[in-house]
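In what follows, chains are A, B, ... by sequence order, proteins preceding strands, each numbered from 1. Predicted model, so just to flag it, every value in this text is computed and none were measured.
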Protein chains: 2
Amino acid sequence: MTSSPRVTQPKYQRIADDLKREIDAGRYRPGDRLPGENDLMATYGVARMTARQALGVLQGEGIAEARRGVGVFVREFRPIRRRGIQRLSDRTWGGGASVWSADIASRELAVDQLSVAEREAPEQIAAVLGLKPGEPACVRSRRFVLDGKPVLLSDSYLPAALVAGSRITDPDTGPGGTYARLAELGHKPVHFQEQIRSRMPAGDEAERLALAPGTPVFLVHRIAFAEDGQAVEVNEMVLDSASYILEYDFDA
Amino acid sequence: MTSSPRVTQPKYQRIADDLKREIDAGRYRPGDRLPGENDLMATYGVARMTARQALGVLQGEGIAEARRGVGVFVREFRPIRRRGIQRLSDRTWGGGASVWSADIASRELAVDQLSVAEREAPEQIAAVLGLKPGEPACVRSRRFVLDGKPVLLSDSYLPAALVAGSRITDPDTGPGGTYARLAELGHKPVHFQEQIRSRMPAGDEAERLALAPGTPVFLVHRIAFAEDGQAVEVNEMVLDSASYILEYDFDA
DNA sequence: GATTTCAGCTTGTCTAGAGATGTTGGGATC
DNA sequence: GATCCCAACATCTCTAGACAAGCTGAAATC
């Protein structure tokens, strides 16, 4: 979840991005024919399978559709919701949230804003973490982006005494993320999480997600407990639900 | 939309179906590792890209996820809704509804039950079509399947006098479907359509879709008008909304 | 014992072909 | 004029490689 973006983009991704950009710019309109496999092979000097893969990205996202023997066309109607963010589970906590995408290539949430500080936690959170009055918490605030669009704000509170000197406070928490570091410290976490459908309140968070106040969002409250029952982390998240949905919300 | 199923299935599709079957049967459980590219190459005697394509089908449907350098695994949580049925539009009416799928290979709705008869239409429908009392309508009842699962019932009413002798009454309406035949008869249609979220009423239709009464469904009422304003077709559809969603419902 | 290195495995990207299959439109035929 | 045939072109399937990049665990080193 803290992996840095790939330095070099695959060719097929670059071609797909080019096409998407041109569609967004109105160069190709719904119903228009897109450059086909042969066109892309000639234009970009790539093999057929690579051109195909580029067009496959657009088809997987519902932006384009191919008609055999005819060509590839911009779709008239396309799905608004294209991706789900996989529920945090026991098996995935090592890597945090992972993104399910219709693309063949899997993508990950990337952190694009990070701040780490020690300060007092809000009263309720301090109580959950068993902090004495005035005892500081380590607060990690992160913003996650998917395809350049901010989708998730996360504030993580940990007892400062617990994580002193740990890599947890580094910008890159290392393989396995926060929970793996906690496990190394002898606090292998099991978390409890609840989601609430809500609407974006006005304020700083609305701006950071570039969402108008009132936009539907998910609020996620997560508490991680160590095996001895001690709460070791409180994580509060705000998630844009217009573009992205927590996967298990599909059942609702 | 009336295209017959492929006689020979592509290798990658057969491999993907095999894997899906084994997952459904519990042979591979969520979190389990699936046979990788190399395994499938050896087992089925196919090239790497073919094995990859098979695994890509499962990934595109959200059933499996690949972890680079590790393997391919059955996902813990998967989306319930995997596909959308594209809204019938001016551009697509020639081919009827087409299915958008995350798969690279596009699939189509197939008709698996068909009946054509001349009989009196229900009063409301007869009124819309401008039928005199006792004047018969040509009624085409169809059931559509996607991946073997019935998803859509469609009853189409056309003035019998209008379509007498036309290929419209053939089981296979030919290229372009019903609307192309109407166009040939000089009634190029423009349709109006509304969707209603509802619940499956008990009765024959529930059985034909293998849905328990009360299951959420979409009811679609569609009226096709010729350019002179005369209604030429009334189409009533019931659509399983649990597995499949009309695409423009995404906006809701 | 703790750390580092690395071989071996995995999936990801890409090539340069080949043939199959579906669509379209024009020309030859009736 | 209407129908049939076919060449051209498009996507679809598949092959047999190659190298890149990420992960894991064991061996070597500190």
Side-chain angles (χ1 to χ4, degrees), chain A residues 1-17 33-42 44-60 64-73 94-95 98 101 103-108 167 174-177 180 184, chain B residues 1-16 33-42 44-60 64-73 94-95 98 101 103-108 174-177 180 184:
Chain A
M1 111 195 276
T2 51
S3 72
S4 53
R6 253 188 272 290
V7 275
T8 62
Q9 248 189 340
K11 288 187 187 178
Y12 76 87
Q13 191 69 59
R14 190 176 117 58
I15 298 174
D17 288 344
R33 182 172 175 190
L34 288 171
E37 297 175 3
N38 297 323
D39 300 317
L40 296 179
M41 287 167 69
Y44 289 91
V46 294
R48 169 174 303 279
M49 293 299 280
T50 306
R52 241 184 110 60
Q53 202 172 0
L55 293 168
V57 170
L58 273 66
Q59 292 174 62
E65 68 183 323
R67 293 185 221 145
R68 187 172 189 162
V70 188
V72 182
F73 299 82
S98 72
S101 160
D103 307 2
I104 294 291
S106 58
R107 300 181 183 181
E108 286 191 357
R167 195 174 172 184
E184 285 170 4
Chain B
M1 112 196 276
T2 52
S3 74
S4 52
R6 253 188 270 290
V7 276
T8 62
Q9 247 189 339
K11 287 185 187 179
Y12 76 87
Q13 191 69 59
R14 191 175 117 57
I15 298 174
R33 182 174 174 187
L34 288 171
E37 298 173 2
N38 296 324
D39 301 316
L40 296 179
M41 286 169 70
Y44 290 92
V46 295
R48 166 181 295 280
M49 292 301 279
T50 306
R52 239 183 113 61
Q53 202 171 1
L55 293 169
V57 170
L58 272 66
Q59 291 175 62
E65 69 183 323
R67 292 185 222 145
R68 188 174 187 161
V70 187
V72 182
F73 299 82
S98 72
S101 161
D103 305 6
I104 293 292
S106 57
R107 301 181 183 179
E108 285 191 358
E184 284 170 7

Determine the minimum heavy-atom distance between [X] and [Y], stating which atoms define it.
X     : Y     : answer
B/L58 : B/L34 : CD2-CD1, 4.1 Å
A/Q59 : A/E65 : CG-CA, 4.3 Å
B/V46 : B/A51 : CG2-N, 4.0 Å

Nearest-Å distance, [atom1] ([X]) to [atom2] ([N])?
X     : N      : atom1 : atom2 : value
A/R68 : C/dG22 : CZ    : C1'   : 6 Å
B/Y12 : D/dC12 : OH    : C1'   : 8 Å
B/Q9  : D/dC12 : CD    : P     : 16 Å
B/Q59 : C/dG12 : CD    : C1'   : 11 Å
A/M41 : D/dC12 : CE    : P     : 14 Å
B/R52 : D/dA18 : CZ    : P     : 18 Å
A/L34 : D/dT11 : CG    : P     : 10 Å
B/Y44 : D/dT13 : OH    : C1'   : 17 Å

Quiz item: How long is the span from the OG1 atom in B/T50 to the CD atom in B/E37, to the nearest 0.5 Å?
Solution: 11.0 Å

Practice problem: Give, for atom CZ of A/R52 and atom CZ of A/R48, the distance between the pair rounded to the nearest 0.5 Å. | Solution: 8.5 Å

Counting side-chain heavy atoms from CB outward, which of [options] is closest to [X]?
X     : options                : value
A/P10 : D/dA20, D/dT13, C/dC14 : C/dC14
B/E37 : D/dT13, D/dC12, C/dT11 : C/dT11
B/N38 : D/dC12, C/dT10, C/dG12 : C/dT10

Quiz item: Which is true for B/R33 with a 4.0 Å heavy-atom rule: it touches a base, it touches only sugar-phosphate, or it touches nothing?
Solution: sugar-phosphate

Quiz item: Excluding sequence neighbours, so at least two apart, what forms side-chain hydrogen bond (donor to acceptor under 3.5 Å, both in side chains) with B/R33?
Solution: none

Exercise. With sequence neighbours left out, write down each residue that passes side-chain hydrogen bond (donor to acceptor under 3.5 Å, both in side chains) with B/D39, or none if nothing qualifies.
Key: none

Pairwise N/O distances under 3.5 Å, protein to nucleotides 15-17 of chain D:
unit_1: D/dT15; atom_1: OP1; unit_2: B/K11; atom_2: NZ; d: 2.9
unit_1: D/dT15; atom_1: OP2; unit_2: B/A47; atom_2: N; d: 2.9
unit_1: D/dT15; atom_1: OP2; unit_2: B/T50; atom_2: OG1; d: 2.6

